Amino acid sequence: MQAQHNLEDVLNTEQKKLAFYQNLILLAAADGQLDQNESAFLLQIGQRLGLTSEQVQPIADNLSVLSFIVPADGLQRTLELQTLVQMMLQDGQIDPREYGLCMEYANRIGYSKDILDDMVSQLAGAGPIVNRNPPTVS
C-alpha cells in the first residue's frame with residue numbers, strides 16, 4: 001500500500017511553505033488576471049499551511065521580480081507540481097502562459113512534457129493518457 005503524503009507534512013518549515021506559496025501566486029498571476037476560483041484556491045492553500053497575510057504580502061508586492069523556487073526534495077517537487085497544475089485548472093481553461101510555467105517547473109524537476117500532460121489530464125478528471133503513440137496504418 002502506498003503511503004499518502006500531504007502538503008502539511010511535506011512543507012514542514014515556514015521557508016518551504018512560503019517558497020511553495022510564491023510558486024502558486026506566480027502561476028495564478030501568469031495570465032494577468034486572478035479568477036475568483038484561483039483566489040479561493042490560494043486562500044484555501046494559505047489557510048491549510050497556516051500562512052498569514054503578513055507573511056505572504058511581500059510575495060504579492062514583489063511578483064515582477066520573483067521566479068519559481070524549485071525544492072530539493074523529490075516528493076515535495078511532485079506534490080508542488082500537482083498543486084501548480086490544480087491552480088492552472090482552477091478557472092476552467094489552460095492559459096498558454098500558465099501551461100508554460102508548469103512546463104518550465106516540470107523541466108526543472110526532470111519531468112517531461114508527457115508526464116506533465118498526463119498529470120493535467122488526470123487532475124482535470126479525464127484519467128491517464130493510455131495510448132500516447134497510437135499505431136499507424138501503412
Side-chain angles (χ1 to χ4, degrees):
M1 185 163 112
Q2 189 176 9
Q4 287 291 329
H5 300 281
N6 62 40
L7 284 175
E8 296 89 343
D9 294 337
V10 175
L11 303 175
N12 53 10
T13 68
E14 183 177 331
Q15 183 179 2
K16 286 180 181 181
K17 291 174 184 180
L18 289 171
F20 167 68
Y21 204 72
Q22 175 176 311
N23 291 345
L24 270 183
I25 291 176
L26 285 168
L27 185 70
D31 62 2
Q33 51 192 341
L34 194 60
D35 168 272
Q36 184 176 356
N37 291 334
E38 291 171 328
S39 262
F41 189 70
L42 280 171
L43 191 59
Q44 173 192 3
I45 296 292
Q47 289 172 341
R48 274 181 62 190
L49 297 177
L51 296 174
T52 66
S53 57
E54 292 80 21
Q55 290 173 299
V56 299
Q57 192 61 48
I59 296 170
D61 291 343
N62 295 291
L63 275 182
S64 62
V65 296
L66 297 175
S67 60
F68 274 145
I69 298 171
V70 178
D73 178 60
L75 176 61
Q76 183 180 346
R77 289 174 168 197
T78 302
L79 279 172
E80 282 196 25
L81 181 58
Q82 288 174 339
T83 310
L84 289 170
V85 168
Q86 288 175 319
M87 173 57 79
M88 178 176 63
L89 296 171
Q90 285 301 306
D91 60 7
Q93 46 192 314
I94 298 176
D95 183 89
R97 293 165 288 199
E98 292 175 342
Y99 181 84
L101 285 175
C102 283
M103 190 69 248
E104 175 191 332
Y105 187 93
N107 285 333
R108 287 177 64 184
I109 65 170
Y111 285 7
S112 68
K113 181 180 185 315
D114 288 345
I115 291 172
L116 174 63
D117 289 345
D118 190 49
M119 191 178 286
V120 169
S121 177
Q122 288 186 50
L123 292 172
I129 299 173
V130 179
N131 196 1
R132 191 170 298 285
N133 296 312
T136 56
V137 178
S138 51

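In this text, all values refer to a predicted model and were calculated from it rather than measured experimentally.
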Q: Indicate the atoms forming the closest heavy-atom contact of V85 with M119, along with that distance.
A: CG2-SD, 4.1 Å
Q) With E38, which of L24, D31, I25, L43 fulfils side chain to side chain contact (heavy atoms under 4.5 Å, CB included)? A) D31
Q. Say you draw a straight line from OG1 of T78 to CD1 of I109; how long is it, rounded to the nearest 0.5 Å?
A. 5.5 Å
Q. Would you say the side chain of Q86 lies within less than 4.5 Å of the side chain of T83, judging by non-hydrogen atoms?
A. yes
Q: Of all the heavy-atom pairs spanning A28 and L34, show the shortest one and how long it is.
A: CB-CD1, 3.6 Å
Q: Go through the structure and list residues passing side chain to side chain contact (heavy atoms under 4.5 Å, CB included) with N37, not counting sequence neighbours.
A: D35, Q90
**Q.** ILVMFWY network linking L18 to V10, side-chain heavy atoms under 4.5 angstrom
**A.** yes
**Q.** Q57 CD: over 12 foreign heavy atoms closer than 6.0 Å
**A.** yes
(Q) Ignoring hydrogens, what is the shortest heavy-atom contact between C102 and M88? Give both atom names and the distance. (A) SG-SD, 4.0 Å
Q. Would you say the side chain of L116 lies within less than 4.5 Å of the side chain of Y111, judging by non-hydrogen atoms?
A. no
Q) Do you know the tightest heavy-atom contact between L63 and A29? A) CD1-CB, 3.9 Å
**Q.** I69-L42 co-clustered via ILVMFWY side chain contacts under 4.5 Å
**A.** no
Q. Who are the side chain to side chain donor-acceptor pair (under 3.5 Å) partners of E80, not counting sequence neighbours?
A. N23, Q76, Y105
Q | Residue list, side chain to side chain donor-acceptor pair (under 3.5 Å) with E14, at least two apart or on another chain | A | Q55
Q) How far does OG of S39 sit from CG of D91, to the nearest 0.5 angstrom? A) 11.0 Å
Q.
So, using ring pair (Phe, Tyr, Trp, His ring centres under 6.0 Å) as the criterion, who are the partners of Y99 when residues are at least two apart?
A. none
Q.
How close do L101 and F68 get, counting heavy atoms only, and between which atoms?
A. O-CE1, 3.2 Å
Q | Distance in Å, L49 CG paired with Y21 OH, rounded so as to fall on 0.5 Å steps | A | 8.5 Å
Q: Any salt bridge (charged side-chain N to carboxylate O under 4.0 Å, His left out) involving residues 49-78? Give me the pairs, sequence neighbours left out, ordered by first then second residue.
A: none
Q: Output the distance between atom OG (S121) and atom CG (D114), rounded to the nearest 0.5 Å.
A: 12.0 Å
Q) Can you tell me how far the CE atom of M103 sits from the NZ atom of K113, to the nearest 0.5 Å? A) 7.5 Å
Q) So which pairs with a foot in residues 19-28 pass salt bridge (charged side-chain N to carboxylate O under 4.0 Å, His left out), sequence neighbours left out? A) none
